[in-house]
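Being a predicted model, the structure only gives us computed values, none of them experimental. Keep in mind that the numbers below use all heavy atoms, side chains included, and drop hydrogens, waters and symmetry copies. Chain identifiers are assigned alphabetically (A, B, ...) following the order of the sequence lines, protein sequences preceding nucleic acid strands; residue numbering begins at 1 within each chain.
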Number of protein chains: 2
Amino acid sequence: MPAADFQQEDTRTLVLGAALRLFTEQGYFNTSVHDVGRTAGVSIGSIYHHFGDKEGLARTLYAALTARMQHLIEDVVRMEGSSHDQARELVVRLFAWAEAEPWEMAFLLYARHREFLPDEAPICSSRPFVMMREMISRGIARGEIRQMDVMVASASLFGGPIRMITTRLDGILPHPLPGYLDEVWDCAWRAVAAPRTT
Amino acid sequence: MPAADFQQEDTRTLVLGAALRLFTEQGYFNTSVHDVGRTAGVSIGSIYHHFGDKEGLARTLYAALTARMQHLIEDVVRMEGSSHDQARELVVRLFAWAEAEPWEMAFLLYARHREFLPDEAPICSSRPFVMMREMISRGIARGEIRQMDVMVASASLFGGPIRMITTRLDGILPHPLPGYLDEVWDCAWRAVAAPRTT
DNA sequence: GTAATTAGAACGAACGTTCGTTCTAATTTA
DNA sequence: TAAATTAGAACGAACGTTCGTTCTAATTAC
């Protein structure tokens with residue numbers, strides 16, 4: 001791979017990193033393209049060269065992060081094991097991701113993408129959320145989760161963990177997320193678990 | 001009350017209603033003051049006369065809605081009865097409010113207020129959320145709720161119901177919220193309830 | 001008639017975008 | 001090997017539009 005390609009990748013990465021941080025920190029509309037360029041140490045022209053326009057930059061960012069989220073869920077679904085173990089592992093990885101890359105998680109959970117990406121579907125009807133509901137459906141079919149509305153079960157199982165993540169991102173949770181994992185998961189699973197038949 | 005005040009109140013109400021709808025529907029930064037004026041059937045001058053500037057308009061809206069939310073919670077806390085009954089009644093009223101005034105609920109739950117009201121505290125550390133955590137603490141002290149971290153209990157008890165509300169606001173929940181109440185609350189309470197000692 | 005209120009044209013700053021230029025490095029030509 | 005050519009990447013000043021805000025004349029209310 002020629003050196004030029006490294007340079008190119010590097011500039012794109014620099015710009016995307018700056019955009020992620022600025023968009024998340026101060027919002028898309030409070031961030032000018034000049035801001036992104038200055039923060040990334042890159043000229044405005046380069047940004048337009050690589051991403052077309054400001055919306056293209058946001059779109060690239062959004063696509064990259066939703067893809068990572070989707071891979072995360074696909075990896076979990078591909079695991080062998082009960083629905084319980086899969087769902088728990090999903091929470092484990094979401095907690096780890098939120099600690100490692102809080103800006104990425106905040107961009108996914110907080111940003112009102114419809115406001116600057118008008119033709120995006122609402123995030124709750126995106127693949128990752130659909131796959132979470134499918135995970136629940138399998139759990140019900142296997143008798144691990146009580147018979148109930150899938151929407152209710154999904155909200156009840158993942159609502160607590162996700163709320164813990166947003167609380168942490170808001171900076172009002174004193175300890176890192178993994179420290180709360182057992183207690184959080186205990187509550188979440190109690191909410192939906194079918195009565196033990198063993 | 002003189003007629004002039006009616007006129008004034010009426011204009012203010014019209015403007016606030018238009019702003020609520022537009023800010024929530026398309027976002028604060030996608031809504032121009034001209035839009036608000038046209039939608040409300042009121043002149044630009046009037047808006048600046050009443051609210052000072054665009055941020056003042058948003059601030060008035062935000063203050064009015066957080067005040068309503070706070071009163072809602074205070075009413076519930078003032079009720080006699082167990083923590084269980086209080087928390088359930090809170091969910092009942094939140095569901096009813098979300099159905100009756102979806103734009104108000106969406107503005108409170110979705111809008112990233114820090115982006116256009118820079119000096120506001122994060123909403124999760126606002127009075128309403130603090131009061132919800134206090135409700136939990138009392139439940140733990142009374143032995144209704146298991147001994148656990150208050151943040152975890154709060155996220156586990158209210159995370160599911162709140163997620164149901166956002167799902168409904170996003171338009172992917174087929175039925176009105178109250179129809180899900182019993183099932184949702186059953187899950188939520190199982191998550192945190194202390195074992196029965198009777 | 002006076003004071004308060006409104007309407008909407010006009011202003012100015014901020015911002016997204018464009019464009020002509022320069023730079024770098026690889027490829028071709030002689 | 002040296003010079004010439006090409007392609008794409010980066011730059012940043014300049015442009016045109018949008019939008020928050022101001023201002024003044026007209027209108028309303030009593």
Task: ring-ring contact (aromatic ring centres under 6.0 Å, His included) evaluation trace for A:His113 with A:Phe107 - done: CA-CA 9 Å; A:His113 307 105; A:Phe107 184 86; 5.2 Å; yes

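Taking only side-chain atoms of B:Asp53, from C-beta outward, the nucleotide of C:dT17, D:dT21, D:dC19 with the closest atom is D:dT21. Distance from the side chain of A:Ile44 is smallest for C:dT17 among the nucleotides C:dT17, C:dT6, C:dG16. Closest to the side chain of B:His34, out of D:dT21, C:dG16, D:dC11, is D:dT21. With distances taken from any side-chain atom of B:Thr11 to the nucleotides D:dA10, C:dT17, C:dT6, the minimum falls on C:dT6. Listed candidates were C:dT18, D:dT22, D:dC11. Nearest to the side chain of A:Tyr48 is C:dT18. Looking at the side chain of A:Val33, the nearest of the listed nucleotides C:dT6, D:dG12, C:dG16 is C:dG16.
If you take CD of B:Glu55 and P of D:dG20, they are 12 Å apart, rounded to a whole angstrom. Distance B:Ile47 CD1 to D:dC23 C1': 16 Å, rounded to the nearest Å. For B:Gln26 and D:dT18, the CD to P distance is 15 Å, given to the nearest whole Å. In this structure, B:Phe51 places its CZ atom 14 Å from P of D:dT21, rounding to the nearest Å. Nucleotide D:dT21 holds its C1' atom 14 Å from the CG atom of B:Leu57, rounded to whole Å. Atoms NZ (A:Lys54) and P (C:dC15) sit 9 Å apart, rounded to a whole Å. A:Arg12 has its CZ atom 15 Å from the C1' atom of D:dA10, to the nearest Å. Between the CZ atom of B:Phe29 and the P atom of C:dG16 there is a distance of 12 Å, rounded to whole Å.
With a cut-off of 3.5 Å on both pairing distances, the Watson-Crick or G-U wobble partner of D:dA3 is C:dT28. Applying the Watson-Crick and G-U wobble criteria (two distances, each under 3.5 Å), C:dT18 pairs with D:dA13.
Between B:Phe158 and the choices B:Leu94, B:Val192, B:Ile136, the side-chain contact (heavy atoms from CB on, under 4.5 Å) rule is met once, by B:Ile136.
The existence of a salt bridge linking B:Arg88 and B:Asp186 is excluded, since no basic side-chain nitrogen approaches an acidic carboxylate oxygen closer than 4.0 Å.
Atom NE2 of B:His84 sits about 8.5 Å away from atom CD of B:Glu144, to the nearest 0.5 Å.
Within the structure, every side-chain polar atom (N or O) of A:His49 is placed at least 4.0 Å from both OP1 and OP2 of D:dA10. Between A:His50 and D:dA10 there is a side-chain N or O to OP1 or OP2 distance below 4.0 Å. Remark: B:Ser43 is not in phosphate contact with C:dG8, judged by side-chain N or O atoms under 4.0 Å from OP1 or OP2.
In this structure, B:Lys54 is not positioned above the aromatic face of B:Phe116 in the sense of NZ or CZ being under 6.0 Å from the six-membered ring centre and within 45° of the axis.
A residue-by-residue look at A:Asn30 and A:Gly52 shows that A:Asn30 has its nearest nucleotide of DNA chain C further toward the 5' end.
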